[in-house]
Q: 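Take a look at the following structure, please.
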2 protein chains.
Amino acid sequence: MTRKLPDKTVERLSQYRRALLNTLSGGKHHIFSHEIANLLHITAVQVRRDIMLIGYTGTLRQGYDVNELIDIIGKIIDTREGQKVAVIGIGNLGRAIMGYFSGKRTRLNIVAAFDSNPDKTDKIYAGVPCYHSDKMMEIIKNESISIAVISVPGEFAEKVAEDLTMAGIKGILNFSPKPLNMPAHVYLQEFDMLTMLEKVAYFVKKS
Amino acid sequence: MTRKLPDKTVERLSQYRRALLNTLSGGKHHIFSHEIANLLHITAVQVRRDIMLIGYTGTLRQGYDVNELIDIIGKIIDTREGQKVAVIGIGNLGRAIMGYFSGKRTRLNIVAAFDSNPDKTDKIYAGVPCYHSDKMMEIIKNESISIAVISVPGEFAEKVAEDLTMAGIKGILNFSPKPLNMPAHVYLQEFDMLTMLEKVAYFVKKS
DNA sequence: AAATTACTGTTATTTTAATAACAATGTTAA
DNA sequence: TTAACATTGTTATTAAAATAACAGTAATTT
Ligand SMILES: NC(=O)c1ccc[n+]([C@@H]2O[C@H](COP(=O)([O-])OP(=O)(O)OC[C@H]3O[C@@H](n4cnc5c(N)ncnc54)[C@H](O)[C@@H]3O)[C@@H](O)[C@H]2O)c1
Ligand SMILES: NC(=O)c1ccc[n+]([C@@H]2O[C@H](COP(=O)([O-])OP(=O)(O)OC[C@H]3O[C@@H](n4cnc5c(N)ncnc54)[C@H](O)[C@@H]3O)[C@@H](O)[C@H]2O)c1
């Protein structure tokens, strides 16, 4: 298939798709690059360039076919069977995430949650069972869960990540403030809210 | 003071500081660039370059003085008086964020929360009062709150952002999936979890 | 005393991302 | 029919970020 795309292009493709699904439900079937750009508050060139990179081409006078573009992006981002996701650590953030995803229809299915606190396990959150973390490695392996969201306190994040790696996880989204060190074959995305808020504060101060 | 620093450097400074505070509480008072690098899983050159940019210099044989470095970073990121932060939308995510920040001692003080649902207002969350959003503009202005965290559903985000701008907000951290369009004097940081998870999925698929 | 080592600080280079420039082309207007 | 227009697709340029190269230097070893 397509060559590996730039990081930022992949991010935008995800956003294009969401915006396009909206457009579609508004009954609009064709869209110009500058219209997509306006939805995301970026430039039309950026949009056209991204679309060029995925090898889709629009028509000169009508722009892009919304359905086709949604499909193509799907072919790039999604896998046919979908990917299974687990959430580790069902505290305040973990529960918020579970609730958030439960509505969305997507090829990313949260199929299991794990927590070390027995008060929180053997229950259903947003339709998804929460197991004790003792069973994590086994279930990840048996269910071939490929992606994990880490929302445990920082001091446990490293151990959890190691276990996940041993269980064969392929990608991690880490919400804990502890920077993780993964082998090259595990894709890692860190997500540090405190850092982002401090960054906002810095640029507010500087402006 | 210092010239405006690169975006990514600011992010790392926030992380350096957190790591250094840890180091300090472990009783360690000097640290080498490669040690900082190991804590964050980045390269030592990157660390030295960032530190160069903020104009601090270590000593040849001992490396950096942990206390001094923490102080310098504080001078760059923090303001003397601290900055006031409001959280808009006290749903699952909003409440998680309130809880998360309440522990942290930082110069960023969450001083108010707002929600449009009367069932959620006129209560205290994590020590912070939640007002009805009717009062938002007035309170933001009167309290000179400079930073807002938006955690309302996407369809309301734009309106909220407009009101915030009119009330004189200076920086926004947006968790809603709706991309916002702010005037140049309002610093905007978007934070889209679905996009990040789809990105992980893409690179897992490609690897 | 000279060579080696283990660091820092800085400049140079490379890589990645964004922006600009523009050729190609069907459509509308004159 | 011809000129102007609006749009795409692509190449060229610029900007931002990361990485590499290396000079300088105090301490240590030979
Ligand atoms: N709450 C937020 O809005 C927020 C924001 C940014 C980052 N974070 C980070 O996300 C993480 C979770 O935050 P939170 O507010 O939900 O904390 P929390 O304390 O509410 O939840 C943590 C959960 O992890 C569980 N846990 C602990 N060790 C575990 C292990 N080894 N395996 C499985 N589960 C384990 C705990 O039982 C608890 O349920 C923390 O690292 C926090 O720093 C949270
Ligand atoms: N829950 C998550 O983990 C998560 C993850 C990523 C993104 N988000 C995004 O964050 C936002 C909030 O998510 P959530 O799960 O907390 O949703 P939620 O429905 O639990 O909470 C939304 C809150 O916003 C309030 N609200 C609505 N309109 C408002 C207005 N005009 N002014 C003030 N408050 C208003 C509602 O009363 C409600 O309390 C959404 O945009 C969601 O897409 C959530």
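Lettering follows sequence order; numbering is per chain, from 1. Being a predicted model, the structure only gives us computed values, none of them experimental.
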Q: Which comes earlier along DNA chain D counting from the 5' end, the contact point of B:R48 or that of A:G63, where each point is its nearest nucleotide?
A: A:G63
Q: If you assign each of B:D7 and A:M52 to its closest nucleotide in DNA chain D, which residue comes earlier from the 5' end?
A: A:M52
Q: Are B:R61 and C:dC7 close enough that a side-chain N or O sits under 4.0 Å from OP1 or OP2?
A: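 Looking at the OP1 and OP2 atoms of C:dC7, neither is under 4.0 Å from any side-chain N or O of B:R61.
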Q: Answer with yes or no after comparing the ring centroid distance for A:Y202 and B:Y187 against a 6.0 Å cut-off, counting only values under it.
A: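 When the ring centroids of A:Y202 and B:Y187 are compared, they turn out to be at least 6.0 Å apart.
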Q: Starting at CD1 of B:I77, measure out to CG of B:L13 and round the result to the nearest 0.5 Å.
A: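 With rounding to 0.5 Å, CD1 (B:I77) is 5.5 Å from CG (B:L13).
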Q: Hey, does B:S33 reach any base, or is it just sugar-phosphate, or nothing, if we go heavy atoms under 4.0 Å?
A: sugar-phosphate
Q: Between C:dG9, C:dC22, D:dT25, which nucleotide has the shortest distance from any of its atoms to the side chain of B:L60?
A: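 Minimum distance to the B:L60 side chain belongs to D:dT25.
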Q: Please report the distance, rounded to the nearest Å, between CG in A:D50 and C1' in D:dG9.
A: 13 Å
Q: In terms of side-chain heavy atoms, does B:R18 have a donor or acceptor partner in A:T195 at a distance below 3.5 Å?
A: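 On atom types as modelled, these side chains qualify, holding a pair under 3.5 Å.
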Q: Let me know the distance between CD of B:Q62 and P of C:dT8, rounded to the nearest Å.
A: 11 Å
Q: Please report, rounded to the nearest Å, how far the P atom of C:dT5 is from the NE2 atom of B:H34.
A: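 It works out to 17 Å between those atoms.
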Q: Nearest to the side chain of B:F32 - C:dG9, C:dT19, C:dC7?
A: C:dC7
Q: In whole angstrom, what separates A:H41's NE2 from C:dA18's C1'?
A: 18 Å
Q: So A:T59, base contact, sugar-phosphate only, or nothing? Heavy-atom distance under 4.0 Å.
A: sugar-phosphate
Q: Does OP1 or OP2 of D:dA17 have a side-chain N or O of B:R49 closer than 4.0 Å?
A: no
Q: What I want to find out is whether B:K159 reaches B:D163 closely enough, with some N-O distance under 4.0 Å, to be called a salt bridge.
A: yes
Q: If I take atom NZ in residue B:K8 and atom C1' in nucleotide C:dT15, what distance separates them, rounded to the nearest angstrom?
A: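 One finds 14 Å between C1' of C:dT15 and NZ of B:K8, rounded.
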Q: Roughly how many Å is it from CD in A:Q46 to C1' in D:dG9, rounded to a whole number?
A: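 Rounded to the whole Å, the gap is 15 Å.
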Q: Within this structure, what is the OH-to-P distance between A:Y56 and D:dT7, rounded to whole angstrom?
A: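 A:Y56 atom OH is separated from D:dT7 atom P by 16 Å.
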Q: Regarding A:Y100 and B:N92, do their side chains bring together a donor and an acceptor under 3.5 Å, going by distance alone?
A: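 Per modelled atom types, A:Y100 and B:N92 side chains form no pair under 3.5 Å.
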Q: I need the CD-P distance between B:E35 and C:dA6, as an integer number of Å.
A: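 One finds 14 Å between P of C:dA6 and CD of B:E35, rounded.
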Q: If you check the B:R12 side chain, which of C:dG9, C:dA18, D:dA18 turns out closest?
A: D:dA18
